[in-house]
Structures are given as structure tokens and as C-alpha cells.
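Remarks on the structure that follows.
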Amino acid sequence: MRIATWNVNSVRARLPRLLPWLEEHRPDVVCLQETKVVDELFPTSYLEDQGYDVVAHGQKTYNGVAILARRGIRDVVRGFPDDAEDAQARAIAATIDGWRILNLYVPNGAEVGHEKYQYKLAWLERLRRYLDAAFCADDQIVVCGDFNITFDDRDIHDPAAWHEQILCSTPERDALRRVMDFGLFDALRKHHAEAGIHTWWDMRTRAFARGAGLRIDHFLVTRPALDACNAVDVDLDACRGKSPSDHAPVIASFA
DNA sequence: ATGGTCGCGGAGCGA
């Protein structure tokens, strides 16, 4: 089982990159974030032509998540149980081939102390409550997506410049740790201990060309899934060439 | 470089 996570920054704008990428890599499951489209306008037929079933949870202009899978998708849950009717579309869960998958687009938070930052921290508390209520750490569960949080300074190209800044602050990391305490492990770190592995680069400062990225897209997996995990790798090739996303895809392989 | 570039939607916001 090979599962990919990729913040595509608009699924419709990224189709010219996404479709050939699917053809090349053929992952069994693909979790997309920032699809930026309502479900009625999701480019489902293009993805079905690539052999994928599609479940989406989107909204106009902002946010939006989707799961593509080459096998049957079951037990789809959109959003959080305590979401309001107009809640931001940031979570979708599904079961594929015995694997429970939760695909997340964690709020960015704007800047430390901002109203959006408080929303981010509260959202992570709601995520933990959702995990406690609807998931079991003894099952094979993969929680993946754009978490908009670095775990530690190995995930930052310039730790001094980002010290206690958004995506790197202690309260964010503590909130992520409380999510992990449900019984999740950072799957990439099973295979790679080194610093300098990044998944996002600021478009405004052409950060990819400068090698100035952060690792904020993660595979968080339960112990049974961690034991089955053979590899987790970032596909930097998807960031080169014409009109890439500002995030790289991450692919995890499971026995 | 307190700037810069995308995407959406058709001005300004979010990232």
C-alpha cells in the first residue's frame, strides 16, 4: 500500500501537474489538500480516467480536502463531528483496503498571537477529541496532510530566523504533541533522522530555488501502521518545472 | 528586501 499526501494549492490549477504525476507514481491512495473547489466542480472525471475513485470535501475559494484511491473507498466522514454547517473544509476520513485514513489541512494560523493562530490551536484540540471519539490507536491508521507545523529545528532551513514564528512556535508544537499522544508516530523519522528534509517553500521569496523550506506535511501513524511502514520520501521533482505547487508530495509505503 | 508570487475571482484575501 502506497499512500501520498500533497497540498496542491488548487486541484484545478494543478491538474497539468497532478495527472502526469499520478501516471508516473501510481500511488494506491492520494490525499489532497487546498483543493479550493466545491465538490460539484471537483475535476473527478479526469481522475477517474487515471483509475481513481474520488471523495471530496471542499468549499469555494479556500481550503478543501480530497482522497483518491484505486480500490474501494468506504466509510467516508467529512469534517469534524462538531463542525458547524459553514465550517471550513479541512478534514476527510475514509477506509481503503483495511486502512483508516484521515486527511487533514490544519489551519495556517497567519502569525503567532493572531486570531487565526488561536483558531489553529483550538482546531488541534478538536482534532484530538475527534481521534479519541472515533479512532482506535490499536488499528492501522494513517493521519496525513498539511499540518502547518514543524516538529523540531531539523524541519527548518534557518531555525534562528523562524524561532517562535508561525509554523514553528512552541504552543503549536505542544498542540501537535497532544495530537500525537493519542498514539501516533512521525513516520518519516522512522527512516530519516537528518535535518534538511522539507515539504513547503514560500512562493513569495522563491524559497525552493534557495533551498529555504520547512517540513510541515506529515504522515502520523499508529503503532501497527508504523511497524508496517517501509519508506517515507519527499518528491522534490514535483516542485521543479512549470507551475508547481508550493508543497512537495510525500509518499509513504506500507507492507 | 517589512518585499516578493500564486490562486481565486474579478478587489482583496489567504498562504
Grab the N/O contacts between the protein and nucleotides 11-15 of chain B below 3.5 Å, and write none if there aren't any.
from   : atom 1 : to       : atom 2 : distance (Å)
B:dG14 : OP1    : A:Lys116 : NZ     : 3.4

Just checking A:Ser10: base, sugar-phosphate only, or nothing, at a heavy-atom cut-off of under 4.0 Å?
sugar-phosphate

Quick one: A:Arg17 CZ to B:dC6 C1', roughly how many Å, whole number?
14 Å

Other members of the hydrophobic cluster containing A:Tyr130, with the 4.5 Å side-chain heavy-atom rule, please.
A:Val77, A:Phe80, A:Leu102, A:Leu104, A:Val106, A:Tyr119, A:Trp123, A:Leu124, A:Leu127, A:Leu131, A:Phe135, A:Ile141, A:Val143, A:Phe147, A:Ile149, A:Phe151, A:Leu176, A:Val179, A:Met180, A:Phe182, A:Leu184, A:Leu220

With a 3.5 Å cut-off and no angle check, do the side chains of A:Ser245 and A:Arg17 form a donor-acceptor pair?
no

Suppose the criterion is ring-ring contact (aromatic ring centres under 6.0 Å, His included): which pairs have a residue in residues 85-111 of chain A, not counting sequence neighbours?
A:Trp99-A:Phe254

With a non-hydrogen cut-off below 4.0 angstrom, is A:Arg14 in contact with a base, only sugar-phosphate, or nothing?
sugar-phosphate

Cationic N near anionic O, under 4.0 Å, A:Lys120 to A:Glu172
yes

Give a yes or no on whether a salt bridge exists between A:Asp155 and A:Arg189, defined as a side-chain N under 4.0 angstrom from a carboxylate O.
yes

Could you list all the salt bridge (Lys or Arg N to Asp or Glu O under 4.0 Å) pairs where at least one residue sits in residues 132-142 of chain A, not counting sequence neighbours?
A:Arg128-A:Asp132

Which ring-ring contact (aromatic ring centres under 6.0 Å, His included) pairs, counting each pair once, include a residue from residues 7-55 of chain A, with sequence neighbours left out?
A:Trp6-A:Trp21, A:Trp21-A:His25

Considering heavy-atom distances to DNA chain B, does A:Ala13 or A:Thr205 have its closest nucleotide positioned more toward the 5' end?
A:Thr205

What stems, by residue range, does DNA chain B take part in, given at least 3 consecutive Watson-Crick or G-U pairs under 3.5 Å?
B:5-8 with B:12-15

What distance, rounded to whole Å, do you find between the two P atoms, one in B:dT2 and one in B:dA15?
23 Å

Quickly work out the A:Lys242 NZ to B:dC6 P distance and round it to whole Å.
10 Å

Taking atom C1' of B:dG7 as reference, at what distance in whole Å does atom NZ of A:Lys60 sit?
13 Å

Considering only atom C1', compute the distance from B:dA1 to B:dT5 and round it to an integer number of Å.
15 Å

Atom-to-atom span, CD of A:Gln33 to P of B:dG7 - whole angstrom
17 Å

How far, in whole Å, is B:dG9 from B:dG14 if one measures between their P atoms?
14 Å

Calculate, to the nearest 0.5 Å, the distance between atoms OG1 and CZ belonging to A:Thr95 and A:Arg100 respectively.
3.5 Å

Rounded distance in Å between the C1' positions of B:dC6 and B:dG10:
16 Å

Examine A:Leu18 and A:Val234 and state if one hydrophobic cluster contains both, with Ile, Leu, Val, Met, Phe, Trp and Tyr joined whenever side-chain heavy atoms are less than 4.5 Å apart.
no

Would one find a side-chain N or O of A:Arg206 under 4.0 angstrom from OP1 or OP2 of B:dG3?
no

